[in-house]
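Below: one structure, written as structure tokens.
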There are 2 protein chains.
Amino acid sequence: MNHDQIKLLGAAGLRATQPRVSIARLLFGDGKDRHVTAEWVAEQLDAADENIVLASVYNTLNAFVAAGLLREVHGAERGVAIFDTNTTPHHHFYNEKTKKLTDIPAEAVKVLKLPAAPKGAKTVGCDVIIRVR
Amino acid sequence: MNHDQIKLLGAAGLRATQPRVSIARLLFGDGKDRHVTAEWVAEQLDAADENIVLASVYNTLNAFVAAGLLREVHGAERGVAIFDTNTTPHHHFYNEKTKKLTDIPAEAVKVLKLPAAPKGAKTVGCDVIIRVR
DNA sequence: CTCTCTGCAAAAGGTTTGCACGTCC
DNA sequence: GGACGTGCAAACCTTTTGCAGAGAG
């Protein structure tokens with residue numbers, strides 16, 4: 001059912017190339033929230049005989065982030081990019097042992113009087129990561 | 001006045017080797033809060049004619065973290081380790097343009113009813129990063 | 001037909017590791 | 001003297017980039 005992915009990509013302003021449709025189906029096909037790495041995506045595609053080079057997986061995931069289809073989670077593992085299919089505001093537990101992320105609803109964290117960000121700077125994101133072990 | 005650093009290291013259970021004393025003096029000598037990278041530390045030492053190889057700087061900084069003298073800030077730049085001389089609980093602004101961290105007092109962020117961390121897991125840290133640009 | 005994307009390989013960037021030597025206690 | 005730390009170089013891993021060719025519109 002690739003129609004859905006093609007529409008999704010079109011709506012996001014991205015050309016519906018074959019690799020992008022495959023990755024979109026993998027990530028959004030069942031509507032579930034996912035935290036994925038580029039490596040995991042490549043493995044899944046491999047297992048489905050849809051080989052896409054790791055570099056292209058990265059390019060695609062970055063394009064998805066730029067298009068707002070995906071969100072990058074900062075602060076989990078250093079040096080590893082983790083992408084979140086849930087683009088609505090929320091936060092995360094990060095289990096250092098299992099390296100797994102778990103969602104925390106945005107309402108569970110309240111931010112009070114923030115010191116003003118340096119002049120001329122505007123807030124572009126807010127990551128709360130509670131690390132557990 | 002290296003006496004202070006030697007005492008500091010001893011109290012933390014670390015042998016007072018020359019490189020460690022140098023780095024401790026650089027980081028804690030004036031009691032100011034600092035956010036540093038391994039590269040910055042190496043440069044400063046270089047400039048003071050106290051050459052310490054980058055790998056040793058990393059080893060030392062990691063040792064300091066393990067000993068509780070230093071804290072690693074997660075979630076700023078991916079792939080770059082940033083160490084914070086302020087080990088008390090607090091949070092950060094991260095300016096994506098200047099790549100600079102700014103402190104946010106812990107009291108400015110209130111965490112409500114957290115969903116319980118996965119069974120058997122205990123919280124080991126909490127990083128709040130507000131990214132600005 | 002043109003512009004963009006992909007595959008591939010190589011580079012880049014930051015951090016870690018292995019080993020022989022030096023040093024702290 | 002014995003354990004631990006350091007210097008150095010090489011390895012490592014994830015991510016990015018450059019380029020030629022393929023594909024989408």
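Throughout, protein chains are lettered first and strands after them, A, B, ... in sequence-line order, and every chain is numbered starting at 1.
Checked against side-chain contact (heavy atoms from CB on, under 4.5 Å), A/D46 has the following partners two or more places apart in sequence or in another chain: A/N51. By the side-chain contact (heavy atoms from CB on, under 4.5 Å) test, B/K99 pairs with B/E77, B/Y94, sequence neighbours left out. Under the rule for a side chain to side chain donor-acceptor pair (under 3.5 Å), B/N59 has no partner lying at least two apart in sequence or in another chain.
Residue pairs meeting the ring pair (Phe, Tyr, Trp, His ring centres under 6.0 Å) criterion with at least one member in residues 28-55 of chain B, sequence neighbours excluded, are B/H35-B/H92.
Atom CG of B/L70 is separated from atom CG of B/L61 by 6.0 Å, given to the nearest 0.5 angstrom. Going from atom CD1 of A/I6 over to atom CG of A/L14 covers 13.0 Å, rounded to the nearest 0.5 Å.
Looking at which nucleotide of DNA chain C each of A/R20 and B/I82 is closest to, the 5′-most match is held by A/R20.
Salt bridge annotation for A/D127-B/R131: present, with a cationic side-chain nitrogen under 4.0 angstrom from a carboxylate oxygen.
At whole-Å resolution of the value, CG in A/L9 and C1' in D/dG23 are 15 Å apart. For the pair A/R78 CZ and C/dG13 P, the computed distance is 17 Å after rounding to whole Å. Spacing between atom CZ of B/F64 and atom P of D/dG5 amounts to 11 Å, rounded to whole angstrom units. Whole-Å rounding puts the B/N62 CG to D/dG5 P distance at 13 Å. Taking atom CG of residue B/N59 and atom P of nucleotide C/dT16, one finds them 8 Å apart after rounding to whole Å. The nearest whole Å value for the distance from the NZ atom in B/K99 to the C1' atom in C/dG14 is 13 Å.
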Would you tabulate the pairs of protein nitrogen or oxygen atoms and nucleotide nitrogen or oxygen atoms of nucleotides 20-25 of chain C closer than 3.5 angstrom?
{"residue": "C/dC24", "atom": "O2", "partner": "B/R15", "partner atom": "NH2", "Å": "2.7"}

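Taken residue by residue, residues 35-56 of chain A places heavy atoms nearer than 4.0 Å to DNA chain C at A/N51, A/I52, A/V53, A/A55, A/S56.
Side chains of A/R25 and A/N2: a donor-acceptor N/O pair is present below 3.5 angstrom, by distance only.
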